[in-house]
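Let me begin by presenting the structure, written as structure tokens, before commenting on it.
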Protein chains: 2
Amino acid sequence: MSDTPPLPPTLADVAERAGVSRQTVSNAINSPQLLRPDTLSRVQDAIEELGYTPNRAARHLRTGSSRLIGLRMPAAQEYTANAAMDRFIHALVEASRTAGYHVLLFSGGQQVEGVRPDPLAGYDALLRSTAVDAFVVTDTYLGNPQAAWLSERRAPFVAFGRPWGDAAAAHPWVDVDGAAGVRAATEHVLDRGYERVAWLGWRPDFHLGEDRRSGWEQAMAARGGYDGALAVRTDDTVHAGMTAAAELLDGPRPDAFVCASDTLAIGVLHTLAQRGLYPGRDIGVVGFDDSQVAQVVPPGLTSVRQPLEQAAIELVRALRALLAHEPYDGGGVLLAPTLAVRGSTAR
Amino acid sequence: MSDTPPLPPTLADVAERAGVSRQTVSNAINSPQLLRPDTLSRVQDAIEELGYTPNRAARHLRTGSSRLIGLRMPAAQEYTANAAMDRFIHALVEASRTAGYHVLLFSGGQQVEGVRPDPLAGYDALLRSTAVDAFVVTDTYLGNPQAAWLSERRAPFVAFGRPWGDAAAAHPWVDVDGAAGVRAATEHVLDRGYERVAWLGWRPDFHLGEDRRSGWEQAMAARGGYDGALAVRTDDTVHAGMTAAAELLDGPRPDAFVCASDTLAIGVLHTLAQRGLYPGRDIGVVGFDDSQVAQVVPPGLTSVRQPLEQAAIELVRALRALLAHEPYDGGGVLLAPTLAVRGSTAR
DNA sequence: ATGAAAGCGCTAACAG
DNA sequence: CTGTTAGCGCTTTCAT
């Protein structure tokens, strides 16, 4: 470990070995059709023998493209079941790789007690230093300034999440149809023989939550079972889910809960456990996100699963179009979720 | 969205505005002590006004440092409770940021059916293209070729995980003392009044698992309760945990389980649920990793928590020393885990 | 089809 | 303390 690593070979090294000029090597890599077959293979052999890979800094400096996509990494939320970030990041890394990109992670800076972290921190510096070619923005709730701010600076970005309520938004986006997922979940529960299906959702200031709620309402109305008293909106915590479930069970007596998140659904499971009720057999429960928690908690939590791998592929596709300066058609991509059925809806 | 974004300002722009040469601006950024206070503040004002940030590609090309740390992102393991990656990545991003680094994520390539993915894929290309300054390597089980391979090429890297059994390994590492964590967990269980404490671990070919097991053995022996029949080694799946727990309950009748992972502990909870036994009150259960699952599953799973934030800080510290070519003292950093106590060990 | 020259933005070395 | 010069490795004209 004492001496320094050998310097990687450069274009010039390859050129010398192949007996051609540096430009010819560059062409062999970037425009191979310009070379005569024999020259090309001679150069390729030299590249192979030397283990040559173009220097990214030089290429970046020259072409202006870093082949890096920026993604802001939010702090892991503990004591919730929102564990989808893992899967999304991996999917994005994979999808980026096939397009010749890597993912650069950054964070919004230290969480200071009482001070709301600046969601723009990080974006600006990366943009001005040309560290990334584009961003993938994940938290696009209404009022989040990122999209507007990035648009203003004409920074290339694609959002995972619709520009809720912002009709003026003019950036590409990919999202999952939560309403359809909840509708399918509600229909599944009704098909299983549960009748009084409650909705356990978020406070109405999130469009995302209201969208999901509409799926429940549609399914219930279509079967003639809609009852507004069966819908509750609360915070996205296990404790809030527990409390809301207890109140519903004491009031309008639902026999199933469709929830806006796995976190809320877990809250329901807590209340059932306290009352000696068994998920599935006694009360049906459905979550949203197909977290690891849903997958392993006894007896298995039925949950709406987002197609994150597909979403990542669509995001990268949109990014490539954006970076190739293809005209943006103004539309987004809406993907259909699936339902992972488990013990909590087994009667 | 039609015209191109304005080009970021360069050193020359700042120099012109401040009425100095480019080099002086560079000095103002990299060696401010060389400038006269008034010149410095004039340059700083110009930087501020123009919103200048050094171009990373140019800096990288010139200095040879990308200020990027490479981390391989493994695929999320579904149907397990091993959700610590999220937390670790965020911690690493945070720690890197304070040191002026960003994290570049890459993956080992597509998982092909039946073909074991090459753990070296990705490392080589990033190294030769000088895309990253160093790597953080996370899966350092014995027989994993990454460490040896990287050492051989003199690639700077730090491992999160000890070089188990490889006495020749000469790279910096940071790890968590699993044995101590399990020992504390076992003592906690004994203190709570459980007596026949079983060990539910992994197959013995992983040093990591044997290390954790030794913590259980030590604690049991110290209290005079050691019984080899109470130890089981199996695969790290929920199902294996279920089966092993059932067999133990039918055989040597333990009244508590200390497990090598939250995944196995969840398996125990499944078996308890099937038999109408209540975690904590009837049978104590402890997991390892303090996953989201442990945090939210009713009635809460007591679990050994790795200090990942601290680990990330130590990893970055080691990385900085390595990149500054400080002599490596040959030692590693071993961190003490904590125990998150929850309902599954409440009597 | 191949080669020569220029320059992306920055910093290290040196001159004033 | 400040300015000049050179060059990191690559790609993009433009000649040949």
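Here is the naming used below: chain letters follow the sequence lines, and residue numbers restart at 1 for every chain.
Two end axes, each from the C1' atoms of five base pairs, can be drawn for the helix from C/dA1-D/dT16 to C/dG16-D/dC1; they diverge by 40°, to 10 degrees.
For B/Leu11 against B/Ser26, the heavy-atom pair with the smallest separation is CD2-N, 4.0 Å. Looking at every heavy atom in both residues, A/Leu127 comes nearest to A/Phe135 through CD1-CE1, 3.7 Å.
A donor and an acceptor atom, one from each side chain of B/Asn30 and B/Arg59, are located under 3.5 Å apart.
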Pairs of donor and acceptor atoms involving the side chains of residues 44-51 of chain A, under 3.5 Å and at least two apart or interchain, shall be tabulated with distances.
unit_1	atom_1	unit_2	atom_2	d
A/Glu49	OE1	A/Arg17	NE	2.6
A/Glu49	OE1	A/Arg17	NH2	2.8

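Side-chain contact between B/His102 and A/Leu105: absent, with no pair of heavy atoms (C-beta onward) separated by less than 4.5 Å. Side-chain atoms of A/Asn55 and A/Pro8, non-hydrogen and from C-beta on, never get closer than 4.5 Å to each other. Within the 4.5 Å cutoff, no side-chain heavy atoms of B/Ser66 are placed close to those of B/Thr130.
For CZ of A/Arg42, the number of neighbouring non-hydrogen atoms (other residues, nucleotides, ligands) closer than 6.0 Å is greater than 12. Surrounding CD of A/Gln23 are more than 12 heavy atoms belonging to other residues, nucleotides or ligands, all under 6.0 Å away.
Of the residues in residues 55-62 of chain B, those lying under 4.0 Å from DNA chain C by heavy-atom distance are B/Asn55, B/Ala58, B/Arg59, B/Arg62. In the region residues 35-46 of chain A, proximity to DNA chain D at under 4.0 angstrom, judged on heavy atoms, holds for none of the residues. For the contact set between residues 123-135 of chain B and DNA chain D, defined by any heavy atom under 4.0 Å, there are no members. Residues of residues 19-29 of chain B that place a heavy atom closer than 4.0 Å to DNA chain C, in numerical order, are B/Arg22, B/Gln23, B/Ser26.
Within the 3.5 Å criterion, the main-chain N or O of B/Leu334 finds no donor-acceptor partner in the side chain of B/Asp175. Side-chain N or O atoms of A/Ser96 include one that pairs as donor or acceptor with a backbone N or O of A/Leu92 at under 3.5 Å.
A nucleotide of DNA chain D counts as in contact with chain B when one of its atoms lies under 4.0 Å from a heavy atom; the first and last such, 5' to 3', are D/dC1 to D/dG9. Taking the 5' to 3' direction, DNA chain C first and last meets chain A under 4.0 angstrom from a heavy atom at C/dA1 to C/dG9.
Not a single side chain to side chain donor-acceptor pair (under 3.5 Å) links A/Asn27 to another residue, sequence neighbours left out. Taking the side chain to side chain donor-acceptor pair (under 3.5 Å) definition, one finds that A/Ser129 meets it with nothing, sequence neighbours left out. Scanning for side chain to side chain donor-acceptor pair (under 3.5 Å) contacts around A/Ser65 gives A/Asp133, with sequence neighbours left out. Partners of A/Asp38 under the side chain to side chain donor-acceptor pair (under 3.5 Å) rule, at least two apart in sequence or in another chain, are A/Arg36.
For the atom pair A/Leu126 CG and B/Arg56 CZ, the distance stands at 7.0 Å (nearest 0.5 Å).
A centroid separation of less than 6.0 Å is found between the aromatic rings of B/Phe106 and B/Tyr123.
Classification of the A/Phe88-A/Phe160 ring pair by plane angle, with boundaries at 30° and 60°, yields parallel.
Remark: B/Arg67 qualifies as a cation-pi partner of B/Tyr101 under the 6.0 Å distance and 45° angle criteria applied to the six-membered ring.
B/Glu309 has a carboxylate O that lies under 4.0 Å from a charged side-chain N of B/Arg87, or vice versa, which qualifies the two as a salt bridge.
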